[in-house]
Visitor: 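Okay, handing you the structure first.
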Amino acid sequence: MSKSALITGITGQDGAYLAQLLLQKGYKVYGIVRRLSTPNLWRLNYLGIEKEVNLIDGDLTDQQSLAIAVKLSAPDEVYNLAAQSFVGTSWAQPVLTCEVDGLGVVKILNSVRDFAPKARFYQASTSEMYGNSHLDGKQDEKTPLHPRSPYAIAKLYAHWMTINYRESYNMFNCCGILFNHESSLRGIEFVTRKITDGVARIKLGLADKLVLGNLDSKRDWGFAGDYVEAMWMMLQKDHPDDYVVSTGENHSVREFCQAAFAACGIDDFEKYVVSDAKFIRPAELDELCGVCSKATEKLGWRPKVHFEQLVKMMVIEDLKRLSIRSHKDIFHHEQEKKEIESKVGRG
């Protein structure tokens, strides 16, 4: 019999890639989605899997809806990927961030414990929990945690609650401490997509500058499609554990810009990039770089897509999107022009 998986946050970047992976492996995939006036299913559409997943209305802030989702899906595996995931917003909405990213995880854990106690549970932890803690300039599973944003603090609470439920109730719970992972499915509010979208606009003559915050901030960037494989691998082991998932390399925002412009054949990128203090965080996180040797040794996981490949992939997709949109706009403009001219002619 095929396995059943329940994914919270299935409409997000990671949720969509994970759903695709599980479908390829023969799983019956269920996803919890918040009720919205306009369904946000574009990522599932992009991957061509919208009609293959089973969507259930629910919300991490609503215990009853989570219980119903677990009962309906009868999952063998549960992946909690839902979150208020934009770090910048967590300062403007700290209470919401804590309710969703922190307490919401306890609610889904309770639902799994009550209605699917044998299910294996994955919690999406984050490298943001490290703050500016360093272990020889890098972070692994033993590096001290010092979160520097409401988002990271809420995630840290969820991280420890997941471990506590594993130790208290013998649940098969795993935490994946994922470092930054990107793709063409990344939201436009994140700096990586902001860069690749901005570079594509400049290349197509739709913009003349790219405004960013701290250009010297460094991150360990990998491909989201690779990272969801690590999530799945964690839940296939005999015993639950926690793992860092990363590339082991870090690059500055400035380097990301340089690589993105180079992908468009633009070498003098600095004349297009402007740094604005309003985009700098209240408590800045300077540098993150993960050590994923445990995931490599115990899971057999390694990143496949490297930094330059990732950036080029994202730029190409944004060029395609904007080119199609521009052509559509031109087409509609020409159609309107013809209609107006025909009406004037008839008048």
Visitor: Counting only N and O atoms by type, is there a donor-acceptor contact under 3.5 Å from the side chain of Thr143 to the main-chain atoms of Asp140?
Guide: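 Looks like yes, one N/O pair under 3.5 Å.
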Visitor: Does anything in residues 222-239 pair up under side-chain hydrogen bond (donor to acceptor under 3.5 Å, both in side chains), and if so which pairs, sequence neighbours excluded?
Guide: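 Qualifying pairs, neighbours excluded: Lys3-Gln236, Tyr27-Trp232, Glu77-Gln236, Glu229-Lys304.
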Visitor: Check whether any side-chain heavy atom of Val78 sits under 4.5 Å from a side-chain heavy atom of Val70, and report yes or no.
Guide: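 The answer is no; the side chains never approach within 4.5 Å.
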Visitor: Taking a hydrophobic cluster as the set of Ile, Leu, Val, Met, Phe, Trp and Tyr residues connected by side-chain heavy atoms closer than 4.5 Å, whether directly or through intermediates, do Ile68 and Val29 fall within one such cluster?
Guide: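 No, Ile68 does not connect to Val29 through the hydrophobic network.
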Visitor: Determine whether a donor-acceptor pair (N or O, by modelled atom type, separation under 3.5 Å) exists between the side chain of Asp101 and the backbone of Ala83.
Guide: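 Answer holds: no.
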Visitor: Verify the neighbour count for atom CD of Gln309: are there more than 12 heavy atoms of other residues, nucleotides or ligands below 6.0 Å?
Guide: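 Correct, the count exceeds 12.
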Visitor: Is any side-chain heavy atom of Thr126 closer than 4.5 Å to a side-chain heavy atom of Leu178?
Guide: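 Result no, sub-4.5 Å side-chain heavy-atom pair not found.
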Visitor: Which pairs count as ring-ring contact (aromatic ring centres under 6.0 Å, His included) when at least one residue sits in residues 95-127, sequence neighbours excluded?
Guide: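 Residue pairs with at least one partner in residues 95-127: there are none.
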Visitor: Mind checking whether Trp221 and Phe307 have parallel, tilted or perpendicular rings, split at 30° and 60°?
Guide: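 If you compare the ring of Trp221 with that of Phe307, the planes turn out parallel.
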Visitor: Any sub-3.5 Å donor-acceptor pair from Asp59's side-chain atoms to Arg34's backbone N or O?
Guide: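 It does not hold such a pair.
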Visitor: Quick check: is Met161 connected to Ile153 through a chain of hydrophobic side chains (ILVMFWY, heavy atoms under 4.5 Å apart)?
Guide: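 No: no chain of side-chain contacts under 4.5 Å links Ile153 to Met161.
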Visitor: Tell me whether Arg166 contacts the main-chain N or O of Asn173 through its side chain, where contact means a donor paired with an acceptor under 3.5 Å.
Guide: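 A pair under 3.5 Å: yes.
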Visitor: Could you give me the CA-CA distance, side-chain angles and deciding distance for Ser65 and Asp62, then say whether side-chain hydrogen bond (donor to acceptor under 3.5 Å, both in side chains) is met?
Guide: CA-CA 6 Å; Ser65 70; Asp62 180 25; 3.2 Å; yes
Visitor: Could you pull out all residues at least two apart from Tyr17 that satisfy ring pair (Phe, Tyr, Trp, His ring centres under 6.0 Å)?
Guide: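 By the ring pair (Phe, Tyr, Trp, His ring centres under 6.0 Å) rule, Tyr17 matches Phe223.
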Visitor: Charged N to carboxylate O under 4.0 angstrom, Asp276 versus Lys209?
Guide: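 Judged by the 4.0 Å cut-off on N to carboxylate O distance, Asp276 and Lys209 do not form a salt bridge.
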Visitor: With distance as the sole test, does His251 use its side chain to make a donor-acceptor pair with the main-chain N or O of Glu249 at under 3.5 Å?
Guide: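 Checking the backbone N and O of Glu249 against the side chain of His251, no donor-acceptor pair under 3.5 Å is found.
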Visitor: Do you see a donor-acceptor pair shorter than 3.5 Å between the side chains of Tyr30 and Lys28?
Guide: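 Yes, because at least one side-chain N or O of Tyr30 sits under 3.5 Å from a partner of the opposite role on Lys28.
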Visitor: Taking Asp318 for the side chain and Asp197 for the main chain, is one N or O donor matched with an acceptor at less than 3.5 Å?
Guide: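 Yes; judged by distance alone, with no hydrogens or angles, the pair exists.
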Visitor: Has Arg186 got its NZ or CZ under 6.0 Å from the middle of the six-membered ring of Phe190, at an angle within 45 degrees of the ring axis?
Guide: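 Pair Arg186/Phe190 counts as cation-pi.
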Visitor: If a pair satisfies side-chain hydrogen bond (donor to acceptor under 3.5 Å, both in side chains) and one of its residues is in residues 105-116, list it, with sequence neighbours excluded.
Guide: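 Every pair satisfying side-chain hydrogen bond (donor to acceptor under 3.5 Å, both in side chains) with a residue in residues 105-116: Gln63-Ser111, Asn110-Tyr165.
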Visitor: Do Glu317 and Ser184 have side-chain atoms, one donor and one acceptor, less than 3.5 Å apart?
Guide: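 The criterion, which ignores hydrogens and geometry beyond distance, is not satisfied for Ser184 and Glu317.
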Visitor: Check whether Ser183 reaches the backbone of Ala224 with its side chain - one donor and one acceptor, N or O, closer than 3.5 Å.
Guide: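 No; zero donor-acceptor contacts below 3.5 Å.
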Visitor: Could you tell me whether a side-chain N or O of Glu182 sits under 3.5 Å from a main-chain N or O of Leu310, the two making a donor and an acceptor?
Guide: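 No; zero donor-acceptor contacts below 3.5 Å.
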Visitor: Who pairs with Cys289 by side chain to side chain contact (heavy atoms under 4.5 Å, CB included), at least two apart in sequence or on another chain?
Guide: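 Side chain to side chain contact (heavy atoms under 4.5 Å, CB included) check on Cys289 returns Lys138, Asp220, Asn250.
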Visitor: Do Ile56 and Leu41 share a hydrophobic cluster (ILVMFWY, side-chain heavy atoms under 4.5 Å, transitive)?
Guide: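 No, because Ile56 and Leu41 fall into different hydrophobic clusters, even though each may have its own neighbours under 4.5 Å.
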Visitor: Sequence neighbours excluded, which residues qualify as side chain to side chain donor-acceptor pair (under 3.5 Å) partners of Asp216?
Guide: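 Listed in chain order: Arg254.
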Visitor: Quick one: are Val100 and Leu96 in side-chain contact, heavy atoms under 4.5 Å?
Guide: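 Of all side-chain heavy-atom pairs linking Leu96 with Val100, at least one is under 4.5 Å.
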Visitor: So which of Leu22, Leu6, Thr8 actually passes side-chain contact (heavy atoms from CB on, under 4.5 Å) with Tyr79?
Guide: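 Filter result, single survivor: Leu22.
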Visitor: Looking only at atom types and distance, does a side-chain atom of Ser275 sit under 3.5 Å from a main-chain N or O of Gly213, one as donor and one as acceptor?
Guide: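 Yes.
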Visitor: Does Lys294 count as lying over the ring of Tyr243, i.e. NZ or CZ under 6.0 Å from the six-ring centre, within 45 degrees of the axis?
Guide: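 Yes, Lys294 and Tyr243 form such a contact.
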Visitor: State, to 0.1 Å, how close Ala16 and Leu185 come at their nearest heavy-atom pair, and which atoms those are.
Guide: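 Scanning both residues completely, I find the closest heavy atoms to be CB-CD1, 4.2 Å.
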Visitor: Taking Thr11's backbone N and O only, do any of them form a donor-acceptor pair with Arg43's side chain (distance below 3.5 Å, no angle check)?
Guide: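 Looks like yes, one N/O pair under 3.5 Å.
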